[in-house]
Amino acid sequence: ISLDFSGLVVATDEDGDNFVLGEASFVVMVEDDVPAQDDEGSVTGHVDEDELDDGITDGDAETTTASGTISGLVNFGADQPGHFGFAALTDAASGLFSDGEAVTYTTSDVDLDGVLDTLTATAGTRTVFTLSLATDGSWTFTLLDQLDHVPVDNMNDDMEISLDFSGLVVATDEDGD
């Protein structure tokens with residue numbers, strides 16, 4: 001933001017003659033800050049397909065739900081408070097498959113506050129998982145159906161698929177940056 005104070009400054013000499021500064025001769029520039037990602041951090045969650053309704057439970061402590069917060073990953077700077085949401089997506093390719101069907105992502109504003117707060121992953125007519133993200137950065141991932149794992153030698157029950165949602169999250173500060 002450029003603040004021009006030139007027209008507000010009047011110089012007066014000893015005998016009372018006045019002079020107003022010309023346009024753009026006394027300007028203060030205010031640089032805006034924007035949200036920045038903290039370079040030192042990541043957030044992970046773990047869910048277990050074994051605990052789906054038709055899964056074969058393995059008795060460990062993992063369930064089909066994981067939750068946490070990403071609030072510590074972003075510094076909103078001077079324009080606080082900020083908020084989190086998702087990018088707008090409609091049937092976007094995810095690169096994932098469930099029961100042989102491509103999984104797509106769609107985001108929506110479930111609580112109708114103007115922020116896209118829910119990512120729904122579907123394969124055909126089935127919802128595979130949801131990821132809810134509150135404006136304060138708290139999140140909940142709920143696995144509802146299986147994801148296809150790429151077959152490898154020595155397949156076992158501990159194979160994991162890593163899902164990276166970082167490119168889908170939008171952090172916005174108070175003035176809309």
Side-chain angles (χ1 to χ4, degrees), residues 1-3 28-55 57 60-149 160-177:
I1 297 174
S2 177
L3 304 174
V28 174
M29 302 294 290
V30 179
E31 183 178 340
D32 191 14
D33 69 343
V34 295
Q37 184 172 348
D38 181 355
D39 293 333
E40 300 294 323
S42 65
V43 172
T44 59
H46 295 273
V47 294
D48 193 346
E49 284 184 350
D50 292 333
E51 305 310 321
L52 290 169
D53 289 340
D54 56 354
T57 187
D60 63 12
E62 291 182 349
T63 68
T64 57
T65 303
S67 60
T69 183
I70 60 171
S71 63
L73 298 179
V74 175
N75 181 346
F76 287 101
D79 297 328
Q80 294 186 34
H83 66 269
F84 294 92
F86 287 114
L89 301 171
T90 303
D91 295 326
S94 70
L96 301 170
F97 290 86
S98 175
D99 199 22
E101 292 185 85
V103 174
T104 59
Y105 293 159
T106 298
T107 53
S108 59
D109 179 10
V110 172
D111 62 8
L112 304 176
D113 65 354
V115 177
L116 296 171
D117 54 28
T118 302
L119 180 143
T120 303
T122 57
T125 59
R126 295 175 295 113
T127 299
V128 179
F129 63 81
T130 60
L131 176 59
S132 300
L133 179 62
T135 56
D136 68 358
S138 58
W139 58 270
T140 300
F141 179 96
T142 305
L143 183 66
L144 301 167
D145 205 339
Q146 63 85 32
L147 288 167
D148 295 349
H149 292 71
E160 294 183 348
I161 297 174
S162 180
L163 307 176
D164 184 358
F165 299 110
S166 55
L168 307 179
V169 174
V170 177
T172 306
D173 67 13
E174 184 65 20
D175 69 355
D177 295 326

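The first residue in the sequence is number 1, and the count goes up from there.
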Cut-off 3.5 Å, no hydrogens considered: what does the side-chain donor-acceptor table look like for residues 132-144, sequence neighbours left out?
{"residue": "D136", "atom": "OD1", "partner": "S138", "partner atom": "N", "Å": "2.9"}
{"residue": "D136", "atom": "OD1", "partner": "S138", "partner atom": "OG", "Å": "2.7"}

Chi angles and distances behind the side chain to side chain contact (heavy atoms under 4.5 Å, CB included) call for L168, L89 | CA-CA 9 Å; L168 307 179; L89 301 171; 3.9 Å; yes
Is H149 reaching over with its side chain to a backbone N or O of L147, donor-acceptor style, under 3.5 angstrom?
-> yes
Looking only at non-hydrogen atoms, find the nearest pair between G45 and A66 and report the distance.
-> CA-CB, 4.1 Å
Give a yes or no answer on whether the side chain of D91 reaches the backbone of T104 with a donor-acceptor pair at less than 3.5 Å.
-> no
Backbone N/O of V103 and side chain of S94: donor-acceptor pair under 3.5 Å = yes
Judged by modelled atom types alone, do T57 and E51 share a side-chain donor-acceptor pair under 3.5 Å?
-> yes
Under a 4.5 Å cut-off applied to non-hydrogen side-chain atoms, are F129 and T120 in contact?
-> no
Any sub-3.5 Å donor-acceptor pair from T69's side-chain atoms to S71's backbone N or O?
-> yes
Residues V170 and A87: closest non-hydrogen pair is CG2-N, 3.7 Å
Flag side-chain contact, heavy atom, 4.5 Å: Q146 against D99 = yes
Take T64 and D48 through the side chain to side chain contact (heavy atoms under 4.5 Å, CB included) test and state the conclusion after the steps.
-> CA-CA 5 Å; T64 57; D48 193 346; over 6 Å; no
Taking D148 for the side chain and G100 for the main chain, is one N or O donor matched with an acceptor at less than 3.5 Å?
-> yes
Got a sec, which residues hit salt bridge (charged side-chain N to carboxylate O under 4.0 Å, His left out) with E101, two or more places apart in sequence or on another chain?
-> R126
Show the numbers, then the answer: is there a side chain to side chain contact (heavy atoms under 4.5 Å, CB included) between L73 and V43?
-> CA-CA 8 Å; L73 298 179; V43 172; 3.7 Å; yes
Between T172 and F84, does a side chain to side chain contact (heavy atoms under 4.5 Å, CB included) hold up when you go through it step by step?
-> CA-CA 6 Å; T172 306; F84 294 92; over 6 Å; no
Provide the closest heavy-atom pair for L163 versus L96 in the form atom of the first, atom of the second, distance.
-> CD2-CD1, 3.5 Å
Fit a plane to each ring of F165 and Y105, take the angle between them on a 0 to 90° scale, and name the class: parallel (under 30°), tilted (30 to 60°) or perpendicular (over 60°).
-> tilted
From L119 atom CG to S108 atom OG, the distance as rounded to the nearest 0.5 Å | 8.5 Å
For T106, does its backbone N or O pair with a side-chain atom of T90 as donor and acceptor, under 3.5 Å?
-> no
Check whether any side-chain heavy atom of T122 sits under 4.5 Å from a side-chain heavy atom of T125, and report yes or no.
-> no
Note: G114 and D109 closest approach over all heavy atoms is N-OD2, 2.7 Å
Distance-only side-chain donor-acceptor flag, T65 / T63, under 3.5 Å | no
